[in-house]
K.L.:
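Dropping a structure here in structure tokens format, bear with me for questions.
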Amino acid sequence: LKEENAILRSKINKLQILSETQADKMRKLEKKLEENKIKEEKEAQDLEAMVQHVEQNLQLMTKRAVKAENSAAKLRQENALLQAELRNSKLEKEALRAGQAGLAAAKQNAEVALQQLLQVTTSSRASIRQLLSGAESLQLVADLLKSIDRISEV
């Protein structure tokens with residue numbers, strides 16, 4: 001019986017050591033799990049902050065695009081008015097040429113109108129390019145938001 005008790009005590013000691021080892025492993029795993037939870041929460045907060053930043057940028061770009069569209073529309077209207085003015089100046093020029101009176105003044109008016117028209121045309125083209133660039137930027141931001149949504153879902 002003493003020998004059997006000694007064997008059983010030895011087994012109990014081994015089981016206690018194994019139990020302590022497993023308890024240590026469990027504590028380490030619980031600590032690692034808690035660290036992972038904290039890390040995931042921080043990553044989620046960072047991702048949320050990034051999404052908010054991107055949304056703000058998107059709103060700003062949308063405002064810029066609307067402003068560019070409005071500017072382009074105004075420039076188109078101004079361009080149309082100047083073209084009409086140019087046509088009128090050309091007609092006036094022709095009438096003056098036919099009448100041989102005030103030819104130099106009409107020619108100068110037509111040149112001024114032509115220069116203004118060319119300036120408006122040039123600025124209109126630049127504004128349209130800006131508008132297209134803004135639209136491309138908006139598309140890029142929209143694609144980025146889609147990617148962020150996919151990342152968030154994953």
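Note that these values count all heavy atoms, side chains included, but never hydrogens, waters or copies made by symmetry.
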K.L.:
Once rounded to the nearest 0.5 Å, what's the spacing between atom CD of Glu43 and atom CD1 of Ile38?
P.N.:
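Spacing of CD (Glu43) from CD1 (Ile38) equals 12.5 Å.
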
K.L.:
List the atom pairs, with distances to 0.1 Å, where a side-chain N or O of residues 124-138 and a protein N or O form a donor-acceptor pair under 3.5 Å, not counting sequence neighbours.
P.N.:
| residue | atom | partner | partner atom | Å |
| --- | --- | --- | --- | --- |
| Ser124 | OG | Val120 | O | 2.7 |
| Ser127 | OG | Ser123 | O | 3.1 |
| Ser137 | OG | Ser133 | O | 3.1 |

K.L.:
What distance separates Lys90 NZ from Gln83 CD, expressed to the nearest 0.5 Å?
P.N.:
9.5 Å

K.L.:
Do you reckon Leu81 sits in the same ILVMFWY cluster as Leu86, going by side-chain contacts under 4.5 Å, direct or chained?
P.N.:
no

K.L.:
As an exercise, state the distance from CG of Leu114 to CD of Gln119, rounded to the nearest 0.5 Å.
P.N.:
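Separation between the atoms: 10.0 Å.
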
K.L.:
Taking CD in Glu35 as the centre, count heavy atoms belonging to other residues, nucleotides or ligands within less than 6.0 Å. Is the count above 12?
P.N.:
yes

K.L.:
Could you state the interatomic distance from CD (Glu92) to CD (Glu85), rounded to the nearest 0.5 Å?
P.N.:
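Atom-to-atom, Glu92:CD and Glu85:CD are 10.0 Å apart.
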
K.L.:
Among all residues two or more places apart in sequence or in another chain, which pass the salt bridge (Lys or Arg N to Asp or Glu O under 4.0 Å) test with Arg27?
P.N.:
Asp24

K.L.:
Find the distance between CD1 (Ile148) and CG (Leu47) and round it off to the nearest 0.5 Å.
P.N.:
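Ile148 atom CD1 to Leu47 atom CG measures 6.5 Å (nearest 0.5 Å).
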
K.L.:
What I want to check is whether the side chains of Gln139 and Asp143 have a donor and an acceptor closer together than 3.5 Å.
P.N.:
yes

K.L.:
For a quick test of your reading: what N or O donor-acceptor pairs under 3.5 Å do the side chains of residues 52-78 make, sequence neighbours left out?
P.N.:
| residue | atom | partner | partner atom | Å |
| --- | --- | --- | --- | --- |
| His53 | NE2 | Asn57 | ND2 | 3.3 |
| Thr62 | OG1 | Leu58 | O | 2.7 |
| Asn70 | ND2 | Val66 | O | 3.4 |

K.L.:
Show, in sequence, the C-alpha distance, side-chain angles and deciding distance for Glu30 and Glu34, and conclude whether the side-chain contact (heavy atoms from CB on, under 4.5 Å) test is met.
P.N.:
CA-CA 6 Å; Glu30 286 174 346; Glu34 187 63 31; over 6 Å; no

K.L.:
State the OG1-CG distance between Thr122 and Leu117, to the nearest 0.5 angstrom.
P.N.:
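Taking OG1 in Thr122 and CG in Leu117, the distance rounds to 9.0 Å.
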
